[in-house]
Amino acid sequence: MSTQERVGPPSEPDFVVVLPEDGQTRNQDEEWCEVVCDGRRRRIRFHDYHDVYGIPRLYEHLIYHRLECRSPQVIAKLLDDVLAARGSDPAELRVLDVGAGNGMVGEELRKLGVDAVYGVDIIPEAAQATHRDRPGVYDGYLTADLTNLTPDQRATLVDADLNTMTVISALGFDGVPPHAFAQAYNLISTPGWLAFTIKEDFLRERDSTGFAQLIQRMRDEQLILPLAHERYRHRLSACGKPLYYFAYVALKEWPIPEHWLT
Ligand SMILES: C[S@@+](CC[C@H](N)C(=O)[O-])C[C@H]1O[C@@H](n2cnc3c(N)ncnc32)[C@H](O)[C@@H]1O
């Protein structure tokens, strides 16, 4: 037995997503579905983004429609509320969107009226999907490893004069590591804005990703001034259980010292 749903008008390339119904609870980075597309049935792990982005609309359908993800909307609303409360205009924001994927966060930021959005993602399929599905949303989009930027990539981001960093649904697991988070944070201006979402487990004391420690230290040493946070349901798991994340908005008051990075 499986849950199937046909997608897309008949004139478009079509696929069917089948979620496992074996009752097993899997770790978030082990979840998978089967996709029937062009007469082929393939098992795709949710976190194999090169495969997911390769099929137009699969990410939107699976993660946002079937599993009800709302992280981009939650962080956009929290950021908008903070800006309003502080009398700041979204049009002043020049954003570095880290782990930008196929551009869903950029799209929400545009709706707020931000001035500029630059995306960075480590896999080329993310940039390709963004150009395919959301052309024009980003002022620039780099396929780059933030811990090892080329001189040209660094110059592009420095010249973009960025004052805000967003990282949505991309921290932990085999995603953006603390070192890349820190490098990106140091690329935006001081003062600047920081908005990110993170799985609640990664903020607990026993967290092994390094984020609980990094963020606590940034708070303790007053590198950031936390302005708002919200615990929310990021999405459902493949077997329908809620997965909880925190959304954070903070002011960047100091860069991360170089010796933290070494
Ligand atoms: C769950 S997706 C989120 C995409 C988008 N932020 C959203 O909310 O729809 C995570 C993204 O982070 C990217 N990613 C993983 N590791 C990364 C790294 N070290 N640097 C930049 N991007 C990374 C992945 O390629 C993937 O596109």
Side-chain angles (χ1 to χ4, degrees), residues 27-33 44-55 57-79 95-111 117-134 137-138 140-150 153-154 157 164-187 195-199 202 209-211 214 232-238 243 245-248 261:
N27 287 336
Q28 210 171 317
D29 59 348
E30 288 168 0
E31 291 192 303
W32 52 266
C33 63
I44 297 184
R45 198 172 64 98
F46 294 180
H47 285 188
D48 282 339
Y49 295 109
H50 48 279
D51 289 331
V52 175
Y53 298 147
I55 302 176
R57 295 173 57 211
L58 176 59
Y59 184 68
E60 287 84 341
H61 174 73
L62 174 64
I63 302 296
Y64 287 87
H65 176 59
R66 295 282 288 275
L67 303 178
E68 300 176 14
C69 177
R70 51 192 201 95
S71 286
Q73 291 79 14
V74 169
I75 199 72
K77 164 105 178 43
L78 199 64
L79 181 59
V95 181
L96 175 60
D97 183 26
V98 177
N102 66 350
M104 301 196 63
V105 174
E107 195 166 64
E108 291 303 317
L109 294 170
R110 286 294 183 198
K111 286 184 202 162
V117 196
Y118 283 72
V120 173
D121 201 289
I122 203 159
I123 61 168
E125 290 86 351
Q128 288 157 11
T130 301
H131 295 314
R132 179 191 66 208
D133 302 335
R134 293 178 180 77
V137 162
Y138 290 84
Y141 197 116
L142 302 182
T143 299
D145 177 351
L146 284 154
T147 62
N148 192 21
L149 290 173
T150 65
Q153 290 170 335
R154 179 170 292 281
L157 296 177
T164 304
M165 165 177 160
T166 55
V167 198
I168 312 307
S169 313
L171 300 176
F173 298 111
D174 44 8
V176 177
H179 195 72
F181 177 95
Q183 295 285 359
Y185 174 87
N186 280 357
L187 275 167
F196 63 95
T197 68
I198 187 164
K199 188 175 170 71
F202 299 158
T209 65
F211 278 108
L214 174 64
Y232 70 99
R233 196 187 77 186
H234 160 63
R235 68 166 170 85
L236 299 173
S237 72
L243 300 172
Y245 276 47
F246 276 97
Y248 275 93
L261 303 177

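Whatever order the structure lists them in is the order used to number ligands and atoms, beginning at 1.
- Contact annotation for Ser71 and ligand 1: no heavy atom of the residue comes within less than 4.0 Å of the ligand.
- Between Phe202 and Phe173, the ring-plane angle classifies as perpendicular under the 30° and 60° cut-offs.
- Within the structure, the closest approach of Ala100 to ligand 1 falls below 4.0 Å when heavy atoms are considered.
- The ligand atoms of ligand 1 that sit less than 4.0 angstrom from a heavy atom of Pro177 are 19 (N).
- Scanning both residues, Ala195 and Ile168, for their nearest heavy atoms gives O-CD1, 4.0 Å.
- Relative ring orientation between Tyr248 and Phe246 is described as tilted, the plane-to-plane angle lying within the 30° to 60° band.
- Shown in contact with Ala170 at under 4.0 Å from a heavy atom are these atoms of ligand 1, numbered in order with element: 10 (C), 12 (O).
- In Val105, the part holding a heavy atom less than 4.0 Å from any atom of ligand 1 is the side chain.
- Proximity to Ile123 (heavy-atom distance under 4.0 Å) selects the following atoms of ligand 1: 25 (O).
- Using a distance-only test at 3.5 Å, with no hydrogens or angles considered, no donor-acceptor pair links the side chain of Arg235 to the main chain of Leu243.
- The protein atom (non-hydrogen) at minimum distance from atom 21 (C) of ligand 1 is Ile122 N, 3.5 Å.
- For the pair Tyr138 (side chain) and Gly106 (backbone), a donor-acceptor distance under 3.5 Å is present.
- Atom 16 (N) of ligand 1 has Gly175 C, 3.2 Å as its closest protein atom, hydrogens excluded (heavy atom only).
- Of all protein heavy atoms, the one lying nearest to atom 13 (C) of ligand 1 is Asp121 OD2, 3.3 Å.
- Not a single salt bridge (charged side-chain N to carboxylate O under 4.0 Å, His left out) links Arg154 to another residue, sequence neighbours left out.
- Below 3.5 Å of separation, one finds an N or O of Tyr59 facing an N or O of ligand 1.
- Of the residues Leu171, Thr147, Val120, the one that meets the side-chain contact (heavy atoms from CB on, under 4.5 Å) test with Val176 is Leu171.
- Within the 4.0 Å heavy-atom criterion, the part of Tyr64 lying near ligand 1 is the side chain and not the backbone.
- For Glu60 and Arg57, the salt-bridge test fails: no basic side-chain N is under 4.0 Å from an acidic carboxylate O.
- Nearest protein neighbour of atom 4 (C) of ligand 1, counting heavy atoms only, is Gly99 O, 3.3 Å.
- By the 4.0 Å N-to-carboxylate-O rule, Arg134 lies too far from Asp97 to be salt-bridged with it.
- Scanning all protein heavy atoms for the shortest distance to atom 10 (C) of ligand 1 gives Ser169 O, 3.7 Å.
- Geometrically, ligand 1 and Ile168 share a nitrogen or oxygen pair separated by less than 3.5 Å.
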